[in-house]
Amino acid sequence: EAEGVRVTAPAVPLRGISNDSAFLNSLIDQTPGPVLAVGHSYGGAVITNAATDADNVVVLVFVSAFAPDEGERLGEIEDGSKDSVLNAALMPLNYPTGEGQQTAAEFAVDPEKFHDAFAADLPEEQAAVMAATQRPVAEAAFSEPNGEPAWKKLPSWAVVARADKAAGTDVVRSMAERAGATITEAEGSHVIMVSWPQFVADVILTVVAAALQNKSKRS
């Protein structure tokens with residue numbers, strides 16, 4: 001915002017790929033002008049799906065984020081990571097679906113394991129606050145198949161944290177490479193935008209500048 005960029009940080013419902021993508025697609029559709037969609041972690045899968053039918057999204061930025069292909073499920077992707085310890089750190093919970101007495105599964109990160117799995121390069125006190133304020137994500141986020149990916153038609157950039165033990169550095173890097181993203185790496189944890197805020201902001205501002213330059217060339 002200090003650089004004159006209008007920023008919106010929506011509270012994605014975290015109820016599953018289809019639900020969250022529809023929510024974000026609607027928000028993007030109501031946003032005037034060109035949109036640069038930035039997603040962290042699971043948010044990368046959300047922008048991958050939500051931006052496919054959004055005519056005003058011009059660039060995707062993945063920050064320690066998933067960039068799944070059509071038909072892929074995040075749970076299966078995570079099972080193949082050698083760097084991720086996320087599955088062992090998750091706690092199963094339940095939430096009401098709104099349909100009678102029915103409930104569905106969701107997951108939170110065990111507060112005792114949050115620092116190591118999510119934010120190892122932050123002070124333990126700061127990680128404890130993040131653990132206490134985290135929002136659980138529905139199991140559907142991991143089990144629902146993803147749709148047609150927006151990165152097949154849009155330019156992509158990626159910030160890869162070399163010490164990401166949540167999404168897994170190996171998974172994040174391989175997905176970014178497959179998407180043809182311009183990749184920038186740093187020795188950060190999964191929450192690199194918290195531990196390296198200026199670094200991540202500079203990448204995003206570089207993308208903004210490149211998008212504006214491309215717009216100028218077209219006009």
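Here the closest heavy-atom approach between residue Trp157 and residue Ala210 is recorded as CZ2-CB, 4.4 Å. Taking both residues in full, the closest heavy atoms of Gly188 and Asp121 are given as CA-OD2, 3.5 Å, listed atom of the first, atom of the second, then distance. Nearest approach of Ser189 to Ala161, heavy atoms of both residues: O-CB, 3.2 Å. Of all non-hydrogen atoms in Ala167 and Ser64, the two that sit nearest each other are CB-O, 4.2 Å. Of all heavy-atom pairs between Pro145 and Gly71, the closest is CB-O, 3.9 Å. Across Ala127 and Ala119, no two heavy atoms sit closer than the pair CB-CB, 4.2 Å.
Judged by distance alone, the side chain of Glu78 and the main-chain N or O of Gly75 form no donor-acceptor pair under 3.5 Å. Judged by distance alone, the side chain of Gln134 and the main-chain N or O of Val109 form a donor-acceptor pair under 3.5 Å. With hydrogens and angles disregarded, a donor-acceptor distance shorter than 3.5 Å links the side chain of Ser174 to the backbone of Val171. When atom types are taken as modelled, the side chain of Thr133 and the backbone of Val129 share a donor-acceptor pair closer than 3.5 angstrom. Formation of a donor-acceptor pair under 3.5 Å by the Tyr42 side chain with backbone atoms of Leu74 is not found in this model. At least one donor-acceptor pair under 3.5 Å links the side chain of Trp151 to the backbone N or O of Pro68. Using modelled atom types, no side-chain atom of Asp20 and backbone atom of Val12 make a donor-acceptor pair closer than 3.5 Å.
For Arg135, the CZ atom counts as densely surrounded, since its 6.0 Å shell holds more than 12 non-hydrogen atoms of other residues, nucleotides or ligands. The environment of NZ in Lys82 is sparse: at most 12 heavy-atom neighbours from other residues, nucleotides or ligands sit within 6.0 Å. Annotation: Gln126, atom CD; neighbour count of heavy atoms from other residues, nucleotides and ligands within 6.0 Å is above 12.
A distance of 11.5 Å separates CG in Asp202 from CH2 in Trp196, rounded to the nearest 0.5 Å. Taking NE2 of His40 as the reference point, atom CD1 of Ile192 lies at 9.0 Å (rounded to 0.5 Å). In this structure, CD on Glu139 lies 9.0 Å from CD on Glu144, to the nearest 0.5 angstrom. Note that CG of Leu154 is 9.5 Å distant from CD1 of Ile47, once rounded to the nearest 0.5 Å. The distance from the CG atom of Leu122 to the OG atom of Ser195 is 5.0 Å, given to the nearest 0.5 Å. With rounding to the nearest 0.5 Å, the separation of CZ in Arg73 from OG in Ser143 is 7.5 Å.
Val85 and Met130 fall into different hydrophobic clusters, where Ile, Leu, Val, Met, Phe, Trp and Tyr are joined by side-chain heavy atoms under 4.5 Å apart, directly or via other members. Placement of Val200 and Ile183 in two distinct hydrophobic clusters is found when ILVMFWY residues are connected by side-chain heavy-atom separations under 4.5 Å, directly or transitively. The hydrophobic clustering, which links ILVMFWY residues whose side-chain heavy atoms are closer than 4.5 Å, places Leu205 and Val194 together.
Considering only heavy atoms from C-beta on, Pro149 comes within 4.5 Å of Glu70 through its side chain. Between Pro13 and Asn19, some side-chain heavy-atom pair lies under the 4.5 Å cut-off. Annotation: side chain of Met175 is in contact with side chain of Ile77 (closest heavy-atom distance under 4.5 Å). Using a 4.5 Å heavy-atom cutoff, the side chains of Leu36 and Val207 are in contact. At least one side-chain heavy atom of Ile204 sits under 4.5 Å from a side-chain heavy atom of Val38.
Each of Val172, Val63, Thr184 was checked for a side-chain contact (heavy atoms from CB on, under 4.5 Å) with Val160, and the lone residue meeting it is Val172.
Under the salt bridge (Lys or Arg N to Asp or Glu O under 4.0 Å) criterion, Glu106 pairs with Arg15, sequence neighbours left out. Under the ring pair (Phe, Tyr, Trp, His ring centres under 6.0 Å) criterion, Phe66 pairs with no residue, sequence neighbours left out. Listed by chain and residue number, nothing satisfies the ring pair (Phe, Tyr, Trp, His ring centres under 6.0 Å) test with His115 (two or more places apart in sequence, or in another chain).
Screening residues 45-58 for side chain to side chain donor-acceptor pair (under 3.5 Å), with sequence neighbours left out, gives Asn49-Asn146. Judged as a salt bridge (Lys or Arg N to Asp or Glu O under 4.0 Å), the pairs with a partner in residues 156-172 (not counting sequence neighbours) are, in order, Asp116-Lys165, Arg162-Glu185, Arg162-Glu187.
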Return a table of donor-acceptor pairs under 3.5 angstrom between the side chains of residues 86-98 and protein atoms on other chains or two or more places apart.
from, atom 1, to, atom 2, distance (Å)
Asn87, ND2, Asp79, OD1, 3.1
Thr97, OG1, Glu99, N, 3.3
Thr97, OG1, Gln102, O, 3.3

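In this structure, a donor-acceptor pair under 3.5 Å is present between the side chains of Ser41 and His190.
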For a side chain to side chain contact (heavy atoms under 4.5 Å, CB included) check, start with the C-alpha distance between Val159 and Phe62, then their side-chain angles and the critical distance, and finish with the verdict. CA-CA 6 Å; Val159 176; Phe62 298 93; over 6 Å; no

Working for side chain to side chain contact (heavy atoms under 4.5 Å, CB included), residues Ile28 and Gln30: CA-CA 5 Å; Ile28 291 171; Gln30 298 173 70; over 6 Å; no

